[in-house]
Amino acid sequence: METYRLKNIAIIILLLLNAFLLLLLGSQYLQTMQAETDTAGQLRALCQSSQLELAGQIDLSQQSLPPLLLSRQSQTEQAIASFLLGGEAVSASQGGGIYSYTAERGTIHFRAGGSFDGSRLDLPVEDAAEFARRFCRQFDYEDVQLQLQDGTGTVTAVQQVTGVPVSGCGLTLHFEDGVLTAAAGAHVSLEDAAPSSSGRMDCVTALVRFLDYRSTSGIVCSEVTDVRCVYELQAGSPLRLLPMWQVETDTALYFVDCAGGEVIRQ
């Protein structure tokens, strides 16, 4: 009987302890939410005093993307080259981190920094626009811009990773009379990517940096219409994707580097 009572007391103590911990976590969560709300209000007031309007739909609680360390993926390079050359491409090292991928219709060169190019290509395609769209779908390029007339012209696009555009990973395809004659761009793969904890900045801090830049540089803008975190490709060893905040205003597009806080106009 005494043992039974002791078990009940122990259970009650555990229940009270769990309830206390839940209340503590709930209190901390509410404090965090209140702090974020206060910070957002202070930022909006600061912008208002500087005659800069923040669009209402901007989520000021956004956190930055993690920096990523990337590995070179030769299989992806070969797949891109084979698509652009219309057949299985054979690889060969040219030294200095450069690999060439050759097939009957030409050669594509890939560099360690993720960039690639091929000129004097000779790949006939039935529909230049559809060929470009298929390539972009397969290798994650978005914002496809077609400037084609009767199979002649250019197609441009930007690679995205996990739905985020990557600055420095553009694509340009050249066509002449229904023939792919040149290709250039850059591509990265998230396979074996390793996140890094350094070089992060929240949305509020990025906007404070932008506001300071606006004041010191004398740029003219009256409204921030959108803010989002995107990636920038940084060549080197290892290859990196670095986060930066894209600040869209009513006059121009700006980027705030998460690591150093520098502001760059596109």
Side-chain angles (χ1 to χ4, degrees), residues 63-103 105-119 121 123 125 130-145 154-174 180 182-200 228-246 255 257-259 266:
Q63 299 299 314
S64 78
L65 298 164
L68 296 175
L69 307 180
L70 307 179
S71 300
R72 186 170 187 173
Q73 302 296 325
S74 58
Q75 290 183 341
T76 303
E77 293 180 359
Q78 187 170 35
I80 290 174
S82 296
F83 194 112
L84 295 175
L85 297 174
E88 190 67 23
V90 178
S91 66
S93 173
Q94 304 300 319
I98 301 174
Y99 275 80
S100 62
Y101 295 86
T102 303
R105 298 294 182 175
T107 298
I108 304 290
H109 299 282
F110 272 86
R111 292 165 180 79
S115 65
F116 64 87
D117 65 83
S119 58
L121 307 183
L123 178 65
V125 297
E130 179 57 26
F131 175 88
R133 290 193 186 98
R134 285 193 295 109
F135 179 85
C136 291
R137 284 195 299 268
Q138 182 166 335
F139 297 104
D140 302 319
Y141 289 91
E142 299 287 345
D143 191 22
V144 181
Q145 304 294 319
T154 62
V155 177
T156 60
V158 178
Q159 189 190 358
Q160 291 195 357
V161 295
T162 63
V164 176
V166 181
S167 176
C169 280
L171 168 72
T172 303
L173 302 178
H174 295 272
L180 176 66
H187 189 277
V188 294
S189 173
L190 292 190
E191 188 175 349
D192 300 326
S196 172
S197 59
S198 61
R200 305 187 72 166
R228 65 182 302 198
C229 198
V230 300
Y231 275 122
E232 178 183 32
L233 175 63
Q234 184 181 76
S237 182
L239 200 63
R240 301 171 185 265
L241 284 183
L242 301 180
M244 58 182 181
W245 287 97
Q246 177 180 289
F255 294 94
D257 174 51
C258 286
Q266 188 180 53

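Everything numeric here is computed off the predicted structure, so don't read it as measured data. For reference, positions follow the sequence shown, starting with 1.
- Between the CG atom of Leu239 and the CZ atom of Arg111 there is a distance of 14.0 Å, given to the nearest 0.5 Å.
- Cys229 approaches Leu65 most closely through the heavy-atom pair SG-N, 3.4 Å.
- Not a single donor-acceptor pair under 3.5 Å links the side chain of Arg105 to the backbone N or O of Leu180.
- Between Ala89 and Ala81, the shortest heavy-atom distance links the atoms CB-CB, 4.1 Å.
- With values rounded to the nearest 0.5 angstrom, Ile80 atom CD1 is found 5.0 Å from Phe139 atom CZ.
- Considering only heavy atoms from C-beta on, Leu171 stays 4.5 Å or farther from Val155 through its side chain.
- Distance check: Cys169 SG to Tyr231 OH gives 12.5 Å after rounding to the nearest 0.5 Å.
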Run the side chain to side chain contact (heavy atoms under 4.5 Å, CB included) check on Phe255 and Val230 step by step: do they pass?
-> CA-CA 9 Å; Phe255 294 94; Val230 300; 4.0 Å; yes
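- Closest heavy-atom contact between His174 and Thr154: ND1-CG2, 3.2 Å.
- Taken from CZ in Arg134 to CD in Glu130, the straight-line distance is 6.0 Å, to the nearest 0.5 Å.
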Gln266 and Gln246: CA distance, side-chain angles, deciding distance, side chain to side chain contact (heavy atoms under 4.5 Å, CB included) verdict = CA-CA 10 Å; Gln266 188 180 53; Gln246 177 180 289; over 6 Å; no
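- Taking both residues in full, the closest heavy atoms of Cys136 and Val144 are given as SG-CG2, 3.8 Å, listed atom of the first, atom of the second, then distance.
- Side-chain atoms of Phe83 and Gln138, non-hydrogen and from C-beta on, do get closer than 4.5 Å to each other.
- Here the CG atom belonging to Leu242 is positioned 9.0 Å from the SG atom belonging to Cys258, to the nearest 0.5 angstrom.
- Residue pairs meeting the salt bridge (Lys or Arg N to Asp or Glu O under 4.0 Å) criterion with at least one member in residues 83-98: none, sequence neighbours excluded.
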Please step through side chain to side chain donor-acceptor pair (under 3.5 Å) for the pair Thr102 and Thr107, ending with a clear verdict.
-> CA-CA 4 Å; Thr102 303; Thr107 298; 3.1 Å; yes
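- The main-chain N or O of Ser91 is never found under 3.5 Å from a side-chain atom of Gln78 such that the two would form a donor-acceptor pair.
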Hey, mind stepping through His187 and Tyr141 against side chain to side chain contact (heavy atoms under 4.5 Å, CB included) and telling me if it holds?
-> CA-CA 9 Å; His187 189 277; Tyr141 289 91; 3.4 Å; yes
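- Here the two rings, on Tyr99 and Phe116, have centers that are 6.0 Å apart or farther.
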Can Val158 and Glu142 be said to form a side chain to side chain contact (heavy atoms under 4.5 Å, CB included), step by step?
-> CA-CA 5 Å; Val158 178; Glu142 299 287 345; over 6 Å; no
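- Atoms CG and CG, from Asp192 and Leu69 in turn, are 12.0 Å apart once rounded to the nearest 0.5 Å.
- Side chains of Pro165 and Asp143 form no contact here, defined as non-hydrogen atoms less than 4.5 Å apart.
- Closest approach of Pro66 and Pro195 over heavy atoms only: CB-CB, 4.4 Å.
- Scanning all heavy atoms of the two residues, the minimum distance from Leu85 to Tyr101 falls at CD1-O, 3.4 Å.
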